[in-house]
Amino acid sequence: MVMDVMAAAARIEAAGGHVIHMEVGQPAAPAPKVAIAAAHAALDAARIDYTSALGIPSLRARIARHYRDTYGCTVEPDRIVVTTGSSGGFILAFLSMFEPGDRVAVTVPGYPPYRHILTALGCEPVLIETSSATRHALTGEALLAAHGKTPLKGVLVGSPANPTGTMMSREALTGLINAAESAGIRFISDEIYHGLDYAFPAVTAAELSPHALVINSFSKYFCMTGWRVGWMVVPEPLVRPIERLQQNLSISVPTLSQIAAEAAFDGRAEMNDVRHGYEENRRILIEGLPRAGLDKFLPVDGAFYLYADVSKFTADSFDFAKRMLEEAHVATTPGIDFDPVHGKQFVRFSYARSAADMREAVERIARWLGNA
Ligand SMILES: Cc1ncc(COP(=O)(O)O)c(C=O)c1O
């Protein structure tokens with residue numbers, strides 16, 4: 001559906017219109033300057049060879065240090081695996097943990113590739129609905145209820161989450177991990193939006209359990225989507241199986257991207273400025289959208305997403321998003337992409353672009369809904 005929205009936006013722009021792009025889930029800012037410089041230097045200095053399958057050792061050590069510096073928790077570099085974005089991490093994680101036919105719980109609304117990758121690997125995604133009663137966090141109770149019906153082998157959650165932008169508190173995450181582990185359900189935590197947490201500090205599952213598998217990426221906080229580099233913190237017994245999988249599936253992660261990623265950790269001041277920009281965008285939307293007429297949305301905790309309930313205007317948010325694009329020139333993503341059950345009630349706004357764009361979007365929506 002989002003591709004249809006993007007194609008329609010391109011047609012409007014080709015005809016001279018100015019579209020505010022709030023449909024794309026990627027940062028508008030470039031990668032940290034130090035990362036780009038490191039890549040240039042590496043290109044000039046030597047051949048770009050394969051690396052070891054688990055990643056360049058100094059990058060793995062740098063990522064391990066990040067856990068100490070950011071969360072105050074100790075993670076051995078041996079448990080870090082560098083991946084081709086978090087997307088590559090999902091494949092390695094699922095292949096190493098599950099067998100065809102295994103049932104793995106994911107939340108709805110949720111990031112669609114979770115269920116698509118599981119299905120492609122012959123696993124069965126089990127969709128568990130979340131609700132505002134729990135800030136859209138999956139609870140241990142709901143997990144165990146689903147497990148009681150037909151046994152689950154794993155569960156995957158993300159916090160901050162896409163598309164909802166909601167986060168799990170330390171208590172919620174701890175409760176879910178404890179429930180999963182008590183029932184022998186493998187726990188996977190997608191932490192790709194860590195660093196973009198505004199409501200309260202994000203908690204890493206790596207701190208809560210050595211058995212949890214954590215997936216992260218340089219795509220979002222570090223603005224390096226196209227570099228295709230991420231990482232996992234994996235339970236110790238899975239290191240060797242994952243190393244063998246990566247050796248066979250891709251040999252290694254692109255070397256230049258690994259070099260840039262290591263340098264990116266020295267670009268945090270620059271990335272924190274980008275983050276402050278998102279915080280300002282978030283403020284503009286939280287204040288402005290209700291005045292414009294969109295007054296119902298989920299807690300805007302983290303990432304760069306706001307998930308708005310538009311059911312008072314429409315029974316079909318795809319049609320709503322289409323009309324908002326055509327008539328107000330504001331592009332959003334209809335919820336049906338993320339939630340086959342209730343998605344028709346919601347649209348997702350991405351606030352990863354400029355504050356000027358956010359103000360303009362709010363004004364256009366207010367005019368469009370007759371609230372200017
Ligand atoms: C929740 C979530 N996880 C994972 C990804 C994949 O990102 P990447 O493969 O670039 O790390 C995305 C991308 O939008 C996402 O929103």
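For this chain, numbers begin at 1 and follow the sequence in order. Counting convention: from 1, in listed order, for ligands and their atoms alike. This one's a predicted model, so the numbers in the text were calculated from it and none came from an experiment.
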Between CE of Met22 and OH of Tyr351, what distance do you get to the nearest 0.5 Å?
10.0 Å

Taking atom types as modelled and ignoring hydrogens, do the side chains of Tyr221 and Tyr193 form a donor-acceptor contact shorter than 3.5 angstrom?
no

Using a threshold of 4.0 angstrom between heavy atoms of the protein and any atom of ligand 1, which residues qualify?
Gly85, Ser86, Ser87, Phe90, Tyr111, Tyr114, Asn162, Asp190, Ile192, Tyr193, Ser217, Ser219, Lys220, Arg228

Give a yes-or-no answer on whether the side chains of His136 and Thr130 include a donor-acceptor pair shorter than 3.5 Å.
yes

Indicate whether the side chain of Ser219 and that of Gln26 have a donor and an acceptor atom separated by less than 3.5 Å.
no

Side chains of His18 and Glu360: is there a donor and an acceptor less than 3.5 Å apart?
no

Would you check if there is a donor-acceptor pair between the side chains of His211 and Glu236 at a distance under 3.5 Å?
no

